[in-house]
Participant: 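Next up is a structure, given as structure tokens.
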Amino acid sequence: MAKRPDFDLSKVRNIGIIAHIDAGKTTVTERVLYYTGMVHRIGEVHDGAATTDYMEQERERGITITAAAVTCEWRGHQINLIDTPGHVDFTAEVQRSLRVLDGGIAVFDSVAGVEPQSETVWRQATEYNVPRMCFVNKMDRTGANFYRTVDMIIDRLKANPVLLYIPYGEGDDFRGIVDIMTMELVTYGDDMGTAIARVALPDDIRPLAEKTRRETVDKIIESDEVLTEKYLMEEPIGDDELNEALRLGTIRGKLHPVLCGSALKNKGVQLLLDRVVDLLPSPLDIPSVRGQHPKTEAEIIRKADDNEPLAALVFKIISDKYGRLAFTRVYSGVLRSGTQVLNSTKGQSERVGRLVRMFADRREDIEEVRAGDIAAIIGLKETFTGDTLCAPNDPIILENIKFPDPVIEVAIEPNSKADQDKMALGLRKLAEEDPTFKVEVDAQLGQTKIKGMGELHLEVLVDRLMREFGVQARVGRPRVAYRETITRTARVDTILKRQSGGSGMYARIVLEVEPLEEEEKKAAGGQDLVWLDEIVGGAVTREFVRAAEKGAREAMEGGVIAGYPVVNIKARVVDGAMHEVDSNEMAFKICGSMALKDAVRGAAPVILEPSMRVEVVVPDDYTGGVVGDLASRRGVVEGMEPRGIGVTSIRASVPLSEMFGYATDLRNMTQGRGNFTMEFDRYTVAPKNIADEVISGRG
């Protein structure tokens with residue numbers, strides 16, 4: 001679907017579908033593609049035939065692993081839609097998608113309500129200021145409870161839901177959807193969801209619909225100063241004014257419209273599409289993108305306008321059998337195939353080979369991508385996730401995408417020399433695609449380690465390595481990615497003095513270190529080392545202090561207890577000395593590294609272990625046994641609540657090292673009826689017995 005030359009930017013919607021695993025995101029996406037005419041038959045996730053789940057691993061597991069981009073059209077509007085994964089191990093896919101999207105649809109399972117990963121993606125969307133609406137899915141399932149889900153949206157997400165539609169019946173009695181704004185009942189006369197009729201409200205639902213409408217109108221009026229004033233003056237307020245205030249409230253993040261339906265039964269998806277067009281922002285509705293000049297670091301603002309200089313962000317890299325694809329959001333200017341652009345992040349020139357409009361794993365060539373649009377580039381060699389592409393004579397660097405550090409690692413060994421070469425190539429390409437996947441070679445052991453966000457994450461990547469790159473390899477047991485930190489302040493006076501004929505090396509650094517508080521870390525952009533130059537009187541030049549900082553940052557990569565990376569340190573350089581002949585940047589870099597290690601040794605260092613936020617959903621009969629088992633794993637139960645009929649949700653914080661193999665153990669404990677989700681929460685100080693095991697190499 002090539003872009004028309006007269007295309008109106010106000011009719012573009014860049015949206016993502018976000019939710020917990022199994023809430024029905026991919027099923028909703030599949031219906032969107034069907035009703036917008038992009039596919040002529042509906043593919044189902046459970047049949048392994050969903051359009052956007054095109055990887056073999058996705059079809060086998062019935063889950064979304066990689067964010068798939070598709071473009072479709074509804075009511076004359078172009079919708080660039082990204083179906084994101086729900087599993088916490090693939091949270092980076094959600095994060096980078098949210099970074100470039102203008103709006104989101106949060107899908108909730110009406111039986112399970114707001115689940116843990118729903119909270120995570122909602123929080124990520126809030127961080128990126130993404131306006132969103134809620135779709136309460138699976139209204140046809142036994143145990144569906146629309147109003148309980150809405151209450152959970154308020155309690156757990158601290159959102160402000162505005163009910164635009166409510167269900168007429170739930171579970172087996174789900175017969176239609178009540179449109180609160182028009183006070184009509186929407187019914188479906190066939191299984192494909194195309195024979196839609198709007199009829200008068202039945203008497204049994206009218207009182208509830210009228211009460212809901214009053215509450216909805218009140219919320220819309222409260223969100224808008226002009227309407228609030230009219231209401232207080234008792235002036236009439238028209239539906240057009242309400243709809244405009246609803247749109248503005250949604251775009252500003254003050255209101256979160258709530259819709260409902262059953263994507264699997266083809267009910268409610270067209271209403272959802274209508275509301276995407278009516279309420280979610282176009283690129284013109286969101287604030288202009290901000291960046292900085294690569295050399296002067298001066299702030300630059302770029303409007304979503306074809307006539308502005310080019311500014312585009314690469315948010316995803318995919319390597320497949322056809323080559324290397326760079327998914328790109330153009331914020332300003334026009335990106336044309338065959339042109340030279342500047343990768344301002346790397347300071348390198350790149351040639352744009354081909355431009356393609358993506359349709360999951362299918363693609364269509366286009367000549368240009370305009371401001372506000374999303375497409376993929378073929379032919380970029382040195383550009384990776386988070387890099388900025390811009391006009392060579394108008395450089396700008398857009399804010400990069402921050403990703404969480406891996407929490408789990410495994411050793412991987414090729415079976416033969418031929419496999420070794422293939423494995424090196426495969427790991428490099430997979431690491432290019434996935435910023436949360438790290439490859440490390442242990443020089444002492446000659447061993448390759450791969451690090452990721454969880455067991456499933458690494459399992460999928462190893463599977464891809466074997467299938468796509470033909471590698472035969474052995475994989476070790478998972479190990480936890482521990483960290484080291486300090487627990488008190490320390491001061492060291494470190495001197496480097498070397499003389500070996502001719503000019504020597506001399507540097508002196510007086511360093512004070514203290515634990516870095518979480519608020520300070522956030523203010524510093526998530527840095528693990530906050531370095532402060534507090535030298536007065538010019539005892540050491542700024543250049544030498546910067547060299548010492550470089551050395552200190554390198555020293556943070558390997559701790560003094562067990563060699564794990566060091567985190568959360570505030571370091572002050574308070575004094576020092578230099579020699580007019582023997583001092584140089586290398587001397588201060590080495591001295592900075594030595595000073596940091598000395599300071600860490602003197603500041604009561606400890607081992608930190610990753611602690612996971614775990615939610616286990618089990619039938620009531622097994623609750624006691626599961627709680628006892630979590631306690632035996634050093635878990636702290638933080639809360640329990642009913643989830644539907646005869647089912648309880650248990651929330652706990654458990655160290656990652658105790659959760660390996662938990663899926664099998666839980667199945668055995670609950671006769672296969674329990675399930676759980678787990679996501680990284682925070683690093684906590686490991687108990688002495690665990691720390692001793694880690695230090696001795698058994699952890």
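Computed from a prediction, not measured in an experiment: that's the story for all the values here. What's counted below: heavy atoms across the whole structure, side chains too, no hydrogens, waters or symmetry copies.
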Participant: Once rounded to the nearest 0.5 Å, what's the spacing between atom CD of Glu455 and atom NE2 of His457?
Facilitator: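 Separation between the atoms: 13.0 Å.
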Participant: For the residue pair Met192 and Tyr35, what are the closest heavy atoms and their distance?
Facilitator: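 For Met192 versus Tyr35, the nearest heavy atoms are O-OH, 2.6 Å.
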Participant: Give a yes or no on this: more than 12 heavy atoms of other residues, nucleotides or ligands lie within 6.0 Å of atom CG of Asp191.
Facilitator: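 Count not over threshold, so no.
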Participant: What residue pairs, at least two apart or across chains, pass salt bridge (Lys or Arg N to Asp or Glu O under 4.0 Å) with a residue in residues 624-637?
Facilitator: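 As it turns out, the salt bridge (Lys or Arg N to Asp or Glu O under 4.0 Å) pairs with a partner in residues 624-637, which skip direct neighbours, are Glu609-Arg634, Asp629-Arg633, Arg633-Asp665, Arg634-Glu658.
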Participant: Side chains of Arg13 and Asn80 only: does a donor on one sit below 3.5 Å from an acceptor on the other?
Facilitator: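 Result is no, nothing qualifies.
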Participant: Establish, from distance only, whether the side-chain atoms of Thr36 and Arg31 form a donor-acceptor pair under 3.5 Å.
Facilitator: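 Result is no, nothing qualifies.
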Participant: Could you tell me which non-hydrogen atom of Cys72 sits nearest to which non-hydrogen atom of Val32, and how far apart they are?
Facilitator: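 Heavy atoms only, the tightest pair is SG-CG1, 4.0 Å.
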Participant: Between Ser611 and Ser653, does any side-chain donor sit less than 3.5 Å from a side-chain acceptor?
Facilitator: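 The criterion, which ignores hydrogens and geometry beyond distance, is satisfied for Ser653 and Ser611.
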Participant: Taking CD in Glu225 as the centre, count heavy atoms belonging to other residues, nucleotides or ligands within less than 6.0 Å. Is the count above 12?
Facilitator: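 Counting neighbours around CD of Glu225, 12 or fewer heavy atoms of other residues, nucleotides or ligands fall under 6.0 Å, so no.
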Participant: To the nearest 0.5 Å, what is the distance between NE2 on His256 and CG on Leu164?
Facilitator: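 Answer rounded to 0.5 Å: 12.5 Å.
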Participant: Any Lys/Arg nitrogen of Lys254 or Asp224 sitting under 4.0 Å from an Asp/Glu carboxylate oxygen of the other?
Facilitator: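 Salt bridge flag = no for Asp224 with Lys254.
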Participant: Taking atom OH as the centre, does Tyr231 end up with more than 12 heavy-atom neighbours from other residues, nucleotides or ligands that are less than 6.0 angstrom away?
Facilitator: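 Incorrect, the count does not exceed 12.
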Participant: Minimum heavy-atom separation for Trp122 and Ala106, please, with both atom names.
Facilitator: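 Heavy atoms only, the tightest pair is CZ3-CB, 3.8 Å.
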Participant: Can you list the steps and then say if Phe676 with Met659 is a side chain to side chain contact (heavy atoms under 4.5 Å, CB included)?
Facilitator: CA-CA 11 Å; Phe676 80 103; Met659 290 300 289; 4.0 Å; yes
Participant: Work out which heavy atom in Ala263 is nearest to a heavy atom in Asn137; give both atom names and the distance.
Facilitator: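 Heavy-atom minimum between the residues: N-OD1, 2.9 Å.
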Participant: Any chance you could measure Glu119, atom CD, to Arg613, atom CZ, to the nearest 0.5 Å?
Facilitator: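 Spacing of CD (Glu119) from CZ (Arg613) equals 7.0 Å.
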Participant: With a 4.0 Å cut-off on N to O distance, would you call Arg213 and Asp239 a salt bridge?
Facilitator: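 A salt bridge links Arg213 with Asp239.
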Participant: Under a 3.5 Å distance rule, please check whether Arg651 uses its side chain to pair with a backbone N or O of Val637 as donor and acceptor.
Facilitator: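 Pair absent, no side-chain N/O of Arg651 close to backbone of Val637.
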Participant: Salt-bridged, Glu241 to Arg247, with N to O below 4.0 Å?
Facilitator: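 Arg247 and Glu241: not salt-bridged.
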Participant: Is the charged tip of Arg175 near the ring of Tyr168: under 6.0 Å from the six-membered ring centre and within 45° of its axis?
Facilitator: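 Because its charged atom sits under 6.0 Å from the ring centre and within 45° of the axis, Arg175 does stack over Tyr168.
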Participant: To the nearest 0.5 angstrom, please state how far the CG atom of Asp109 sits from the CE atom of Met139.
Facilitator: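 Asp109 CG to Met139 CE: 10.0 Å, rounded to 0.5 Å.
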Participant: Among residues at least two apart in sequence or on other chains, which ones pass side-chain hydrogen bond (donor to acceptor under 3.5 Å, both in side chains) with Lys265?
Facilitator: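 Residues passing side-chain hydrogen bond (donor to acceptor under 3.5 Å, both in side chains) with Lys265: Asp140.
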Participant: Hey, are Ser649 and Glu641 close enough side-chain-wise for a donor-acceptor pair under 3.5 Å?
Facilitator: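 Absent: no donor and acceptor within the cut-off.
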